[in-house]
Amino acid sequence: MLRTSLKSSSYRRSRALVQRLLPQIQYAYINTRSESKTLAQSAVAVSPVSRLLEPLKSERTESNAKHSISKLTQKSFSEIEQTEFTAPAAERQPGYYSSKGDNVIRQPFAREINYLKSLMESFVSDQYYEKAYPLLKTLSGLVTPEEFTKFANIYLEALVQDEKVSVRELEQVIDKMQRECHFESNNRTRALRLTKYLETDPKFDLDEFFRIPKIEDIRSTLSNVDIIGVDNLYTIFDHPKAQTWIPSELKESYHEYDLNKNKEIVEDTKKLQEKDGSIRSLEKDDLSELEAVDSFGLQIVRHSLLGLEASPDKIAVFTSDIKEIIKDMTNEESKQKITSGKLNYFEMYQLLETQEQRDQFNHALANFNLDRQKQMEIRGVEGAKEKWKHEYEETKKRDSIMSTKNLNAQLYEWYQKLVPLLQKERQECLDLIDDKATNQKSSENKERAVYAPFFVKIDPEKAAMTTILEVMKLQSTGGISNGMRALTALQSVGKALEYDYITQKLSKKDLKRTQTSKHKGSRLLLNLVRNAAEGDPNEDFGWSQDISIRLGAVFVSFLMEVAKVRVSRHTVETEQSAFFHSIQYIGGQRIGAIKLHSDLVKSINRSSLDSCVQPQHMPMPVKPKDWDGYYGRGQVMSPLVRVRDSPETAAYVKTAARNGNLDQVYAGLNVLGNTAWTVNKDIFKVISHYWNTGKEFLDIPGVLDKPILPPKPERSDDPSIKYKYRKLVTQLKSEFSTMRSQRCDANYKLEIARAFIGEKLYFPHNLDFRGRAYPISPHFNHLGGDMTRSLFLFWDGKELGERGLRWLKIQLANLYGFDKAPFDERVKFVEDNLQNVFESAKNPYSEDAWWKKADKPWQALGVCFDLRRAYKLPDPTKYVSHMAVHQDGTCNGLQHYAALGGDLEGAQQVNLARADRPQDVYAYVAGIVRELLEKDAQKNNKYALFLKDKINRKVVKPTVMTNVYGVTYIGALAQVRKQLEDYFPDNQRDSLQEHARYLTTHVFAAIRQLFENAHLIQDWLGESARRISKSVSIDYKESDNVALHSSAVIWTTPLNLPCVQPYRKGTSESLKTAVQTLTINRIDGAGMVDGRKQVAGFPPNFVHSLDATHMMMTAAACGERGLKFASVHDSFWTHAADVDTMNEQIREQFVKLHSSNLISLLKEEFEIRYKDNYQLIKISSKHPLVKSIKELKQQWTKQLNRPITLGDELYMERTRLEFLNSDDPQKIKAAQDMVTTIKLAHEYEGEIEDVNDRGTYEILIPLKFPEVPPKGEFDVNRVKDSLYFFS
Amino acid sequence: MSLRSFNPAFKQLFADRKPMRLHIHEMLNPHTVQQVLDGMRLKKLYPDGSKLDIIECNPGNGVFSSMVNYDLKPRNHILIESRTKLQQHWKKDLQALQGITGNKENFTLYPRDPYDWQTYLDLTDKDKIIQPVTKSYDQVHDELLLIANWCYDRGEKIVAQWIGCCGDRNWLQKYGKVRVICMAPSKTVSKFLSEPGFGKRNRTAMKRELFTDSKLLAIIANSANLPGEGYDPRVLIRDQPVAAYDNSIPKSTEMGIFEFYPSGMTTDAIAEMEYLLSPMYMNRSTPLRQILPKIVSGGEGMAESLPHDLLDRSPREFTTEDILAIAHAYDKWPFKPDYVDTIQLDEIDESQF
DNA sequence: CCTCTATCTACTGATATAAGTAATAGAGAATTC
DNA sequence: CAATTCTCTACCGACAATATCAGTAGATAGGAC
């Protein structure tokens, strides 16, 4: 990053130079106006001079104020109060990102505004109005008046909600704001005032209040229902003029209210069931005692999900619900079982007989889980704490001195020490805010002031837990042994604290407006108000990155201060810090790290950490609310798209959301999120068994103590030996630590799985910036490896039927690795092995069980269990299966490329066309390579002779796969070399290299040959991206903050999701925290794009956005047909019984997607989006254009008395176009006569070629895109008949 | 000034070709080289050329090579050169030289990478082009001389390692106190030669002081610059290096020439705590007391066995005695971590195939 | 009271950090060697 | 400018350098008139 900062600094320098020069010149011009002419004047003598001058004049605004505004986010509230930050009006005007025409707004000072807003909200919610006011005032200096009104209303809203604030005070504040901040009130402000009047002034006269405003304004005022609240609206409804006042969206509620008002409503008496013998699901504790052996690692957190305990009255309700549901069941035995209290929810559910019962059960469970989820959020970590405490007390009973032997006891000790420290600090913060601190100006307090307003919001006890859990969870991440990157640690602690704060805030939310004492009234209105009170899902909330990091640092530093471990060596024993901050040197750069004491790490390895309790990392026991905006509703706080800190991506998605363009995206995502799962208990048992042996088994690493290292070399050994030793040793250690973290990770997953046995769970999904969907809960989800995937079952079951049984068998064959044969053979494979299948299911633990040899053994075992159960029935097709059957695209990226390019042969090889057997593109490419080598071999090429018999699918597979991602020659070379390694002994490295080089070229050639058109498309995408990322906006000015190349590649998927490639070169900023000064690479929405990444990333990203689109379309289509659907990018899952339907949809939707010429559409989209952009190209200096352009520039140079810049050229063209598009005939005429460099190039009739040679001259031309390459002959409709397209 | 060391046989050879610049900077002006050689008085140190083997790394265009060769008239003069273009030149030149002088200069081109340790092993053990004798560490090896040009940015790394080799007495230093005459950017040389307390004093400078005897020989600057900026003044005064100008050295990269060879000191103690020294010197102006807890688990405890005045000083100020004191304290410290825990991981690149 | 200077502070940019480069090879970006 | 040197090399999920010091601009204080 050093390089980047250097680059940008030199860039800044040169820009500063320009800025210094420009004003002088312009002043000179202004003073001698009569003598000299501006550029534009000379070109258009008749144009109104003042207008042409205006933009140039404003260019010299480089105020100090602006400079210090960027420092604002580092200042504390009190410093902000004392300093004036005001931006000139021009700089407050919104800009744009990559494209002028997209109407996506780039808010200037966005970070500063966000910071002020967070600060203000923080103060205001604790009634520190006088502290908040200066912040509001500062805000008024940074935003446009309309924007300011929004912030002012937030402030006023708090005043209105505060009962201690009187109407008069409110009006005074509004007055003051108008005087001092140029506050312009709007109808929301009026709604705020109205509410205050209604609630405090018994003599308030509505008529009078609404006398002056126009009727539209009154209506608009009243539509702020979230402010006014239900009860106040009722009051208004009671007014005789209500009917005319209320806005249209309230009409219905009004009528409902009016109707109910006149009816005598008998209040429903609560019918809470008596608590006779409540049925509770089998306690997790019992299960753990039943099934878990606490020997090696897999330690059960007692109450690991304690929060999943519901409150007693809810249990009662649930119990009675179930009793009601099973009342009509015919099977008495099942009934008995359900009420026995020995079944988990999933087992109960499976016993139900009718769909109606199941629906009712689901409904009851949903209500029940809603409460449990809430409990989990409120008391999530409580369980862990209780456990720590318990072990702490036990240990203490045994030993008088604490030792590191028991990790949990150790954690509790830290917790106990940490809490009082945090409480004390919180008090200090409070004192500081209340101006009661003893030494308000001390440097300590100065630093404290930065975080104090946020620190006071945090509950010390909960935060202590959060801090410990987060830090412990991160041990050995980020390539640091026994520790973690400081940035990662501070950020995750900060984020976790923020999460705690937000959930706490939500649970305490002022319910006044959304509740009513009236039993009668309008349910409609109530819903309306509640919805409105949830807030705008497109509005940011929470803290900025800086705030949470700084806060995280404070907590971490306290933890580091108190956390100690007892260490003993030989006879010496002492207490040492458990954590220490250290700087490491990794890959040429210094990295700040928080390291754990090595003894502590050993202790962790012995006992494996159970840190999972935090609900934000869990799947959800309740169905996630549907997506309807940028941020999720309810428990899901994540954004719709993971934006990788790119403000531009976020802005584009938000705009799309606001414009209502994302309904299809929501639809797809909601299908994914609504798929309910449960944990496969049978598989869990088997995994658990092998886990507890502590030995390595399949993909589970065994328990490892420490890596075994060879003896150290002597001091005087040759450096080469020492080097090799060091390399070996680091490799051993790194392998060891990956194994360890794999085991740790698996432990984590299994713990969550255990907690969810018998539970219903959901995965809300969101998207990456290309539109691919990912579950939000990070650890335990169906995207995991074989073991994790095997743990999932659909909550709902479906009867197999003939086809389903067949698909289940195919699924098993696929998982076993027998997936390259036709379906019938796959079925036969399983049928031939049916005894093995049954045997595996019956006795999975046997030494050489059949399932263990499968490609994906755990999932295969899952199918074995299912098949065995099915075949136990007299008719296996009647079996109700919960298995997910997968249909995988064969090389999905290439499938899309083949469809785009229409390569006949290529399409066939990736199964786009019907074939009797599944085609294997890798084998086919290997075949082509073999042919090529054969030809060379005949020419006696020694490489060909050696290699021709060694080419198989395995050798080419990596390269074919990564080819879609744009692998370069050198990257592919490494892959091929790895594949060939075995043929060459160590001392023939050179030979290996030569053979690999030779082969790589031919593999590339073969792929290119097979997917010729596809490659032309790949090239087209790359070239377009290159042109975009090297283009210049017409508004470019050297003096501006917008970089020369500031346009990123943006496209819209067929589902209207805007995709913005987030690759820009950032500037590194430093952030001082309590732990260290962090260097954060921040990207500016108008910063320079990273051309290389834009170009390299676009082809794969575009294709991925297509496969994501295909998946979402299929998801939505399957959802509409009542199918359960899940996906892992190019692997689509549903019930065995529904595979046929899904397959049909997979093909339908693919054809639908590719029936239009997507590349042509993309080109059109680009042409609109980048119509205001110009390309900088190099043409030969001998080109005829050069002469005329140079001449024109010389002419201008003379008139302006300075060299012409790119900005000048663009300014002239901008002016010309402006005139051309005006209504003034004089101007139009002037524009027609005006000559600019760009016009010259644009109107040049001959060839203009971008040459990359010496002797060139750079000119600007309008951005054009290359012609779309012609499509091949393949007809995409043939996909519909393809059997193995997805299989 | 006379070009005493200029071999007339090279006159034509140099005239025939345009000197090329390939990554590593070098002196191309014979007058500059002459000045430097005059200052070095090598003939006094190696009076008997018939017993002397010279190994020269990155001879480049050969101005320095030819002149030092003419000065010392060695028995062998090995030119280790890996840049293919220069290899071709040398091949041609040596052929021509064969015709002119019968190569009485005893040049041998060894077209290998001077960066690679294996090159030196092969030179002496496999190809047996020279077979140096092992001499005692009592005095400087008078039959083997190493000359190297690492005057470019990435050269610093290898110079640091070569200095390290003096402490370990391995690589070519296994043969005895072999003098290394090393050309490197002044940025590097001034760092590695700084004395305790100087701003640029770093780990390698400390190791250099502890394990080698060294001397700054010359500073060659572009004539646009003033030579010698950034060096520890104590070193300049002590060593009185030749200051010369050569415009083949770019303005941005001044060249420093220094010599080093193993001192009497060798010990395992420093290698044992190398992993501590590295982070220690990252905060080299922080007092040791504050650094100790930041470099190893429980490091704060080591303070007990160290004198206060040492704890209050920073690594930049440490003398070799200080370092040895710390090494001693570390050796006695009961809480030394396992070797495994001292290994730093570098980036893990997980390839899927 | 005002202005001027001395001193201090805050801010910026430059530099050092480590100490096998790692087996390649060609294009593109960044310097100016 | 054109020549030369440096950088990077497969997409996404899951990104990420830091401490110190010298020099400078700006702020403050202080002292004299």
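Only a predicted model underlies this, so the values are computations on that prediction, with no experimental measurement involved. Sequence lines set the chain letters: A, B, ... in the order given, protein chains first and strands last, and positions in each chain run from 1.
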Taking only side-chain nitrogens and oxygens of [X], does any of them come within less than 4.0 Å of OP1 or OP2 of [N]?
X	N	result
A:Lys724	C:dG20	no
A:Arg642	D:dC12	no
B:Lys187	C:dT15	no
B:Asn202	C:dT17	yes
A:Lys71	C:dT12	yes
A:Arg726	C:dG20	yes
A:Gln589	D:dA17	yes
A:Thr1077	D:dT18	no
A:Arg485	D:dC15	no
A:Thr1079	D:dT18	yes
B:Thr253	C:dC33	no
A:Lys1072	C:dA10	no

Q. With A:Arg1082, which residues qualify under salt bridge (charged side-chain N to carboxylate O under 4.0 Å, His left out), at least two apart?
A.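 Expected list: A:Asp546, A:Glu1069.
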
[atom1] gap between [N] and [M], integer Å:
N	M	atom1	value
D:dA14	C:dA25	P	35 Å
D:dC12	D:dA16	P	12 Å
D:dC11	D:dC15	C1'	14 Å
D:dT7	C:dT21	C1'	14 Å
C:dT12	C:dA29	C1'	26 Å
D:dA10	D:dA19	C1'	35 Å
D:dA27	C:dT3	C1'	16 Å
D:dC21	C:dA18	P	16 Å

Q: Considering non-hydrogen atoms only, spot the tightest contact between A:Gly592 and A:Ile583 and give its length.
A: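 That closest heavy-atom pairing would be CA-CD1, 4.1 Å.
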
Q.
Please give me the minimum heavy-atom distance between B:Met255 and B:Glu26, naming the atom from each residue.
A. CE-CA, 3.9 Å

Q: Kindly indicate whether the side chain of B:Glu156 and the base of C:dA19 share any N or O donor-acceptor pair separated by less than 3.5 Å?
A: yes

Q | Base D:dC12 paired with A:Asn1101 side chain (donor-acceptor, <3.5 Å) | A | no

How many whole angstroms separate atom [atom1] of [X] from atom [atom2] of [N]?
X	N	atom1	atom2	value
A:Leu973	C:dA25	CG	C1'	9 Å
A:Arg1092	D:dA10	CZ	P	10 Å
A:Ile586	D:dA17	CD1	P	12 Å
A:Gln1076	D:dT18	CD	P	5 Å
A:Lys1030	C:dA30	NZ	C1'	12 Å
A:Ile583	C:dA16	CD1	P	18 Å
B:Arg154	C:dG20	CZ	P	16 Å
B:Asp153	C:dA18	CG	C1'	14 Å

**Q.** Closest nucleotide among C:dC11, C:dA19, C:dA29 to the A:Lys1065 side chain
**A.** C:dA29

Q | Ring-on-base stacking C:dT21 with B:Tyr115 (under 5.5 Å, under 30°) | A |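 Whether judged by distance or by angle, B:Tyr115 passes, so it stacks on the base of C:dT21.
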
Contact class for [X] (heavy atom, under 4.0 Å): base, sugar-phosphate, or nothing?
X	result
A:Gln993	sugar-phosphate
A:Asp990	nothing
A:Gly592	sugar-phosphate

Q: Evaluate the criterion side-chain contact (heavy atoms from CB on, under 4.5 Å) for residue pair A:Leu999 and A:Val976; output intermediate values, then yes/no.
A: CA-CA 7 Å; A:Leu999 184 53; A:Val976 172; 3.7 Å; yes

Q | Interface with DNA chain C, restricted to residues 963-972 of chain A and to heavy atoms under 4.0 Å | A |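 Here the set is A:Tyr969, A:Ile970.
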
(Q) Just so I know, are the side chains of A:Ser582 and B:Ile295 near enough to count as touching, which here means a heavy-atom distance under 4.5 Å? (A)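 A side-chain contact is absent here, since even the closest heavy-atom pair is not under 4.5 Å.
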
Side chains of [X] and [Y]: is there a donor and an acceptor less than 3.5 Å apart?
X	Y	answer
A:Thr962	A:Gln975	yes
A:Asn1101	A:Gln1061	yes
A:Asn766	A:Tyr774	no

Q | Short N-O contact, A:Asp1090 and A:Arg1092, less than 4.0 angstrom | A |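 Salt bridge between A:Asp1090 and A:Arg1092, a charged N being under 4.0 Å from a carboxylate O: no.
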
(Q) Any residue in residues 765-773 of chain A with a heavy atom nearer than 4.0 angstrom to DNA chain D? Just list them by number, or reply none. (A)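 Result for residues 765-773 of chain A: A:Asp768, A:Phe769, A:Arg770, sorted by number.
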
Q) Is there a donor-acceptor pair closer than 3.5 Å between any side-chain N or O of A:Gln491 and the backbone N or O of A:Ile549? A)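 Here the side-chain-to-backbone pair does not exist.
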
**Q.** Side-chain donor or acceptor of B:Thr188 paired with backbone N/O of B:Ala184 under 3.5 Å
**A.**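 No, because the side chain of B:Thr188 does not come within donor-acceptor range (under 3.5 Å) of the backbone of B:Ala184.
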
Q: Specify the residue among A:Val1075 and A:Leu487 whose closest nucleotide of DNA chain D lies further upstream toward the 5′ end.
A: A:Leu487

Q) Any chance CD of B:Glu229 has more than 12 other-residue heavy atoms, nucleotides or ligands included, within less than 6.0 Å? A)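 No, CD of B:Glu229 has 12 or fewer neighbouring heavy atoms, counting only those of other groups under 6.0 Å.
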
Q.
Test of understanding: with side chain to side chain donor-acceptor pair (under 3.5 Å), list the residues that count as partners of A:Ser476, not counting sequence neighbours.
A.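 So A:Ser476 forms a side chain to side chain donor-acceptor pair (under 3.5 Å) with A:Arg740.
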
Q. How are the rings of B:Trp150 and B:Trp162 set relative to one another: parallel (under 30°), tilted (30 to 60°) or perpendicular (over 60°)?
A. perpendicular

Q. Which class fits the ring pair A:Phe984 and A:His995: parallel under 30°, tilted 30 to 60°, perpendicular over 60°?
A.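 It falls in the tilted class, 30° to 60°.
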
**Q.** Distance flag, aromatic centroids of A:His782 and A:His765, threshold under 6.0 Å
**A.** yes

Q.
So that I know where these two stand, are A:His896 and A:Phe1102 an aromatic pair - ring centroids less than 6.0 Å apart?
A. no

(Q) Using a 3.5 Å limit on both distances, find every run of at least three consecutive Watson-Crick or G-U pairs that involves DNA chain D. (A)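 Stems found: C:4-17 with D:17-30, C:25-32 with D:2-9.
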
Q | Interatomic distance, B:Lys207 atom NZ to B:Asn202 atom CG [nearest 0.5 angstrom] | A |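 These two atoms lie 10.0 Å from each other.
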
Please tabulate, one pair per line, each protein N/O and nucleotide N/O from nucleotides 20-23 of chain D that are separated by under 3.5 Å, including the distance.
residue: D:dT20; atom: OP1; partner: B:Thr286; partner atom: OG1; Å: 3.2
residue: D:dC21; atom: OP1; partner: B:Ser285; partner atom: OG; Å: 3.0

